[in-house]
Amino acid sequence: MSRIPESTTGNTPYERVMGHAPHILEPWRELENVFFRRSVLPAPLLEHVRRTLAQGTGCEYCQAKAGPPDERHSALRTSMAVGFAQVFMSGHKNINETLLNNLREDFTDQELVELVAFTTFMWAGGTFGSILGIGPQPVTAIA
């Protein structure tokens with residue numbers, strides 16, 4: 001149960017808490033949709049990054065969305081993106097020129113900008129959920 005009551009706006013516990021500020025909820029949803037529907041990066045790569053970050057923020061809602069992150073990745077770019085997220089979680093000041101240059105060997109500038117933007121957006125969302133104690137979506141029994 002969240003630290004503040006859920007509003008009547010939104011479809012998930014996360015959205016219903018953010019629904020107290022619908023002027024923030026709507027653009028938040030839009031940006032999330034942009035990342036998962038229009039990104040130049042593949043949605044599975046983004047989801048691996050999101051799941052990794054969820055562990056770092058401690059947001060129970062975010063962690064429950066798709067379970068824990070995979071430990072191994074068959075795709076090099078996914079592995080690199082997850083590694084970037086792990087370094088980010090240790091402190092954004094740990095991201096140095098060497099790491100960025102390594103990423104630029106396999107990511108275009110556009111992809112790198114999207115990866116950084118996505119990482120910081122997901123970190124913000126997970127931090128929001130963690131601070132306000134947003135829990136997972138309740139499971140409804142099928143009759």
Side-chain angles (χ1 to χ4, degrees), residues 1-140:
M1 183 165 190
S2 67
R3 292 180 173 154
I4 63 173
E6 293 180 3
S7 72
T8 57
T9 302
N11 301 317
T12 66
Y14 190 96
E15 288 183 357
R16 286 189 293 273
V17 169
M18 192 174 279
H20 286 289
H23 59 287
I24 294 173
L25 173 60
E26 286 309 313
W28 193 276
R29 277 182 185 155
E30 287 176 32
L31 184 54
E32 187 171 23
N33 284 333
V34 165
F35 282 121
F36 281 106
R37 293 193 178 130
R38 295 188 2 221
S39 176
V40 295
L41 295 169
L45 179 148
L46 295 175
E47 179 59 16
H48 285 294
V49 169
R50 188 202 66 75
R51 289 167 52 193
T52 298
L53 294 167
Q55 300 305 308
T57 63
C59 175
E60 291 179 19
Y61 176 82
C62 302
Q63 291 173 358
K65 268 179 90 170
D70 297 335
E71 295 296 320
R72 295 184 181 195
H73 306 282
S74 58
L76 173 64
R77 286 168 33 103
T78 300
S79 181
M80 292 177 71
V82 167
F84 170 78
Q86 291 168 334
V87 172
F88 175 85
M89 289 188 311
S90 73
H92 71 277
K93 291 185 178 186
N94 294 325
I95 297 169
N96 58 32
E97 197 67 31
T98 301
L99 175 57
L100 292 176
N101 285 336
N102 287 339
L103 287 167
R104 289 179 81 192
E105 290 179 15
D106 290 285
F107 291 87
T108 66
D109 288 343
Q110 181 182 13
E111 291 171 329
L112 184 55
V113 166
E114 286 197 22
L115 177 61
V116 173
F118 179 78
T119 300
T120 56
F121 178 68
M122 288 294 115
W123 188 258
T127 302
F128 175 87
S130 179
I131 289 170
L132 294 178
I134 302 171
Q137 177 91 5
V139 179
T140 52

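Just so we're clear, the structure is a prediction, and the values are computed from it rather than from any experiment.
Of the possible polar contacts, none joining the Ser39 side chain to the Phe36 backbone as a donor-acceptor pair under 3.5 Å is found. For His48 (side chain) and Ser79 (main-chain N/O), no donor-acceptor pair under 3.5 Å exists by modelled atom type.
Within a 6.0 Å radius of CZ in Arg104, other residues, nucleotides and ligands contribute 12 heavy atoms or fewer. Counting non-hydrogen atoms of other residues, nucleotides and ligands closer than 6.0 Å to CD of Glu15 gives a total above 12.
Heavy-atom minimum distance, Val17 versus Glu6: CG2-CG, 4.1 Å. In this structure, Met80 and Leu103 approach most closely via the heavy-atom pair CE-CA, 3.8 Å. Between Glu114 and Phe35, the shortest heavy-atom contact is O-CE2, 4.0 Å. Taking all atoms of both residues into account, the shortest heavy-atom contact from Pro136 to Pro13 is O-CG, 4.0 Å. The two residues Asp106 and Arg77 make their nearest non-hydrogen contact at O-NH1, 2.8 Å. Of all heavy-atom pairs between Met18 and Leu25, the closest is SD-CA, 3.8 Å.
Each of Val49, Asn94, Ile95 was scored for a side-chain contact (heavy atoms from CB on, under 4.5 Å) with Phe88, with one residue passing: Ile95. Under the side-chain contact (heavy atoms from CB on, under 4.5 Å) rule, Phe118 has a single partner from Leu45, Leu46, Val113, Val34, which is Leu46.
To the nearest 0.5 angstrom, Tyr14 atom OH is 12.0 Å from Ser2 atom OG. Atom CE of Met122 is separated from atom OG1 of Thr52 by 12.5 Å, given to the nearest 0.5 angstrom. Phe107 CZ to Asn102 CG: the interatomic distance, rounded to the nearest 0.5 Å, is 11.5 Å. Within the model, atoms CD1 of Ile24 and CZ of Arg29 stand 13.0 Å from one another, a figure rounded to the nearest 0.5 Å. Here CZ of Arg50 is found 9.5 Å from OG1 of Thr57. Values are rounded to the nearest 0.5 Å. The SG atom of Cys62 lies 13.0 Å from the CZ atom of Arg51; values are rounded to the nearest 0.5 Å.
Using bins of under 30°, 30° to 60° and over 60° for the plane-to-plane angle, the ring pair Phe128/Trp28 lands in the tilted bin.
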